[in-house]
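Side chains included, hydrogens not; waters and symmetry mates left out as well; all remaining heavy atoms used. In listed order, ligands and their atoms are each counted from 1.
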Amino acid sequence: MKTTLVATLALASFIAPQETAKPAPEIEGYRQTVRDILSEALVNGESYQKLSELVEVAPHRLSGSPGAAAAVEWARQAMLEDGLENVRLEPCMVTHWERGETERLRVVAPPELAGLELPILALGGSIATPEHGLIAEVVEVQNFDELKELGDAANGKIVFFNRPMDATLLSTFPAYGGAVGQRVNGAREASRAGGVAALVRSMTTRLDDFPHTGGMRYAEGIAKIPTAAVSTKGAELISDLLEKGETVKLHLELDCKSFEPAPSFNVVGEWVGREKPEEIVVLGGHLDSWDVGQGAHDDGGPCCQTIEAVRILKTLGLRPRRTLRVVLFMNEENGLGGAKAYYNDHKDEMDKHVFAVESDSGAFTPRGFTSNAGPEAMAILRDIAMLFEGTGGERVLEGGGGADVSPMKQSGVVVGSYLPDSQRYFDLHHSERDTIDQISPREIELGAGLIAALVYVIADLEETLPRNAPPE
Ligand SMILES: [Zn+2]
């Protein structure tokens, strides 16, 4: 049927370009329902209101912190208030790291700039510097190969990774992907080369004074060294000095600290299916955030969209055949403790997980969805997305789900991700700028409507969405 449809459409677009593509008849039957869902989202949507409550109760929600605990309680209450069913906290163990009080990077040389402070944020997981900090000369590299070629030249130095995100890429997500390795593994590689600290250019295409934090990893058997992200303007300043042939010496002070893993929770609520309640469609985001800004786009807003998606359906009296399960994961940013716990604790019902969509790319205006669905399921998802025509979110691109739903792929669960516009996301990602004033109420509600519509149709279709073959 799908092949015929594709062939028909190809022919139709050849002879009658003015005719728009139509989804398969069963899916076409949902057109008015989707319209109703979007109208409810745009007129009565509560995602923005929910987010304003969340960021007031818990602006900083780093795993293991009091803010994260407050967010868990807030989310539980929000689900109960919206009438979600089987609302519960599911335990998980999470990373516990604290930034501490002192976080400073000052120029020591060249002497004419001595004392100048450059904006930094320690990377999550970093160790502290010695008590009064460390002073060392800076060596700049663009990548790990360049660092290797330096040989002994990095010994005793602060290794400065300054490869910018590739601004020529039209989506900023692959640009981030192409640069973030410096942040994640920079300290490891710098230490291997004999460096005493790793400094990383912030992951943003914007030139400003806001540093962007994020996760990093040490490696077994390689000495841990402190690591921080410097603002892009700070990075440019250091780089310009080095290019002029100056010797740049910096004084780095960090007093961050790691603690034993801490107990926490994923927050789960359902809208139980009317015919096949044992079959599950997961929608969710991650409730934790970094300890700067308010995590409004990453990932508070998207969490609120997924609770809101169920409120919309409930308000419209739309109970799908299968169960919708909202999962707000804990610890996505620096450990994935929540994602691992969810997968392990629900292994027995993974074969009943039909689809799992995560919203973790911001709450900007919709551009579609991504999914790892095989050809048959992808054709169905693309048919559904045709019903979103005019929203900007009518595409389903090949791609993955978010980090939290990724473990489910090993069980053949089709995963997906809500894909908003990416142009502004890295202006604020993991920085002080990720606050609620960066959220457009109209855009966040439209996104909630699309997520609601997608999961509703998937959960309501007569045939279950085909699974993926589990990877070898
Ligand atoms: Zn996130």
Side-chain angles (χ1 to χ4, degrees), residues 47 51 54-55 58-65 67-68 71-72 75 92 94-95 97 121 123-125 165 171-177 179-180 183-184 202-204 212-217 229 264 266-267 282-307 326-340 342 356-364 367 369-370 399-407 415-422 424-436 438-439 444 447-448 451:
S47 305
L51 179 61
L54 172 62
V55 299
H60 298 158
R61 305 181 295 279
L62 192 55
S63 293
S65 70
V72 164
C92 59
V94 301
T95 315
W97 172 87
L121 282 172
L123 296 183
M165 281 172 54
S171 166
T172 62
F173 293 115
Y176 176 69
V180 73
R183 188 193 79 203
V184 176
S202 283
M203 296 294 133
T204 177
H212 297 236
T213 188
M216 55 79 52
R217 277 196 294 268
S264 185
N266 294 326
V267 186
V282 166
L283 60 159
H286 64 86
L287 199 49
D288 63 311
S289 73
W290 284 103
D291 53 346
V292 291
Q294 298 176 326
H297 277 284
D298 187 12
D299 193 35
C303 282
C304 294
Q305 286 177 314
T306 60
I307 305 176
V326 178
V327 184
L328 303 185
F329 296 90
M330 186 48 72
N331 194 211
E332 187 274 346
E333 293 292 6
N334 59 345
L336 290 172
K340 288 172 195 161
Y342 182 84
V357 61
E358 180 159 23
S359 182
D360 182 19
S361 307
F364 293 103
R367 292 289 184 247
F369 290 86
T370 60
D404 292 304
V405 298
S406 285
V415 299
S417 186
Y418 172 58
L419 181 69
D421 189 78
S422 76
R424 285 178 284 164
Y425 189 52
F426 293 97
D427 289 1
L428 46 90
H429 182 249
H430 298 179
S431 82
E432 289 290 355
R433 298 187 72 243
D434 187 4
T435 51
I436 192 165
Q438 302 289 328
I439 301 260
I444 192 175
I451 293 165

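Using the six-membered ring where Trp is involved, His429 and Tyr176 have ring planes that are perpendicular, over 60° apart on the 30 and 60° scheme.
Not one N/O/S atom of Glu332, from backbone or side chain, sits under 2.8 Å from the Zn ion (ligand 1).
No other N/O/S atom of Asp360 lies as close to the Zn ion (ligand 1) as OD1 does. Sorting the N, O or S atoms of Asp298 by how far they are from the Zn ion (ligand 1) puts OD1 first.
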Just do the side-chain contact (heavy atoms from CB on, under 4.5 Å) check on Phe173 and Leu419 with the steps written out, would you? CA-CA 10 Å; Phe173 293 115; Leu419 181 69; 4.1 Å; yes

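The only option from Asn266, Asp298, Asp404 that meets the side chain to side chain donor-acceptor pair (under 3.5 Å) definition with His286 turns out to be Asp298.
Atoms CZ and NE2, from Arg433 and His212 in turn, are 7.5 Å apart once rounded to the nearest 0.5 Å.
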